[in-house]
Protein chains: 2
Amino acid sequence: MSAKIISGKILSQKLNSNLKNSIAQIQDFRPPKLTIIQVGDNSASNKYIKNKLASCKKVGIETDLLRFDENITESQLEKELIKLNNDNLVDGILVQLPLPKHINEKIIKNLISVNKDADGFNPQTLGNVLLDDTDIYPATPLGIIKLLESENINLLGANVTIIGRSNIVGKPLATILINKSATVTICNTKTKNLAKVCRQADILISAAGTAKLVTKKFVNKNMTVIDVGANFVNGIYCGDVDFEKVSKIVKYITPVPGGVGPMTISCLLENVYKLYIKHSYNK
Amino acid sequence: MSAKIISGKILSQKLNSNLKNSIAQIQDFRPPKLTIIQVGDNSASNKYIKNKLASCKKVGIETDLLRFDENITESQLEKELIKLNNDNLVDGILVQLPLPKHINEKIIKNLISVNKDADGFNPQTLGNVLLDDTDIYPATPLGIIKLLESENINLLGANVTIIGRSNIVGKPLATILINKSATVTICNTKTKNLAKVCRQADILISAAGTAKLVTKKFVNKNMTVIDVGANFVNGIYCGDVDFEKVSKIVKYITPVPGGVGPMTISCLLENVYKLYIKHSYNK
């Protein structure tokens, strides 16, 4: 038997279409606006930014791309951010990472106002996520929750195992799932008997960044597998899961590409819209 | 065979004594200062505050107790907090909880400057804890880490199970342990087969608030058991663990009283001292 594939591509199109409708219904007021800051000319960043700008355009979010020379000083970049924090016409701010080495990413992430934190990387946003006191979440964890909810996969009391403990996926995702009453286990490279730990889960989420890490030894037949991996092997884009073999065993699985990836952009757009609504409503 | 008892009472006395020495060595400058805000006249709060004031005094931390009538408005309390945030002679601020119902605790916790957040309850502090980018932690989780470290109990790759997911113990403690490369499982009241999940752990930390929840079915002979419970049963103060039976099986155990409790106060004092050092150093 083969697993049911949870398509992030289809779900994200649906969410984007809903968002487009919501934005189209805004009357007598400007549309939402996202400002992206890019420092330097990293080719991967160029590609990611192009995707984000195109996605914003499709749903009706205005964008502004501020490109700075890679030699910009930290204090100059800080001034630009403060300007954007104070600009009433900007709803969301996103600083494309990585930044050049002479700029402290932590300081920059801290400086983006929590009220304009489109990526959800500000410590205060993450603290609010832990406290279950926000509707702004880092985009990838939020995308994963939406994928699970789209198939009505039960979280309450479910055993969820996460491989990976990054600041943008593993740790915030764990706190969201804890708040949803799942029993959550977070694994890392030091975990003993990783396959065994994973095999006990109802839901296995791999955000390790290692191709073919999750083999059939890691899974069971009632399991939902969410593959957050974004790896390139011999030029081919793939996830963490040995999809061909694992998909024959488990109940639900997300593909790569077309799984978590498109959801991340959808959730970024949703964050901008939510920030806009708060921003406009508070005026 | 009986477990080795990890005494929080003894460890906290040692830490307090070290802290007292550090403070005594401060020359040509004022000592650290903690300001406690109390609203109303809750008798449990009176007791807790009395303990905190006495502990501060013992190590040489100055204190100020600001007591407000229980009818103080939220905006008046906010003004008082802003005054303290701006007062250069105050290093740490602690708002004794619970607050009267007409005051929004979240707003108040948010308002305490992250630079004076003695309790570590501010969302930004918690976000920094998740990001492993702070030396200020909520006091109880920090106390638990110190108890484990005092016996050189290995955390790297260890299976740690936490029962309870509160904002002040379970969730921040989980993020600290994840950052220390433990494999962490967080359980709650919806967890299936709780005893079985717990029995697999190297370290079991119970912060459930249910007397005798952790029985011999929950443990194994190589386990370290940390009891965060603070329950009253027929007027007797006890933890979550059936100490008499469990202590005969496991390797290490903390008692109640005399385990985590005294560590919490020690770690609060340490937070005030650390905030003071930063505060003084930045001047």
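Since the model is a prediction, treat every value here as computed from it, not as a measurement. Below, read A as the first sequence line, B as the second, and so on, with proteins coming before strands; counting in each chain starts at 1. Hydrogens, waters and symmetry mates play no part in the numbers below; they use all other heavy atoms, side chains included.
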Find the one option among [options] whose heavy-atom pairs under 4.5 Å with chain A are most numerous.
options	result
B/Ala174, B/Ser181, B/Gly127, B/Cys187	B/Ser181
B/Ile186, B/Leu126, B/Thr189	B/Ile186
B/Asn167, B/Val129, B/Asn128	B/Asn167
B/Leu130, B/Thr161, B/Leu194	B/Leu130

Between atom [atom1] of [X] and atom [atom2] of [Y], what is the distance when rounded to the nearest 0.5 Å?
X	Y	atom1	atom2	value
B/Asn159	A/Thr191	CG	OG1	7.5 Å
A/Asn110	B/Asp133	CG	CG	7.5 Å
B/Leu131	A/Lys109	CG	NZ	7.0 Å

Going by heavy atoms in the side chains, are [X] and [Y] under 4.5 Å from each other?
X	Y	value
B/Lys171	A/Asn179	yes
A/Gln124	B/Val114	no
B/Asp132	A/Arg165	no
A/Ile178	B/Asn188	no

**Study point:** Residue A/Asn193 versus chain B: region with a heavy atom under 4.5 Å
**Key:** neither
Review point. Is there a donor-acceptor pair closer than 3.5 Å between any side-chain N or O of B/Lys190 and the backbone N or O of A/Leu156?
Key: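 Answer holds: no.
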Check your understanding: Just wondering, are more than 12 heavy atoms of other shown residues or ligands nearer than 6.0 Å to NZ in B/Lys274?
Key -> yes
Review point. For atom NZ of A/Lys192, is the number of surrounding heavy atoms from other residues, nucleotides or ligands below 6.0 Å larger than 12?
Key: yes
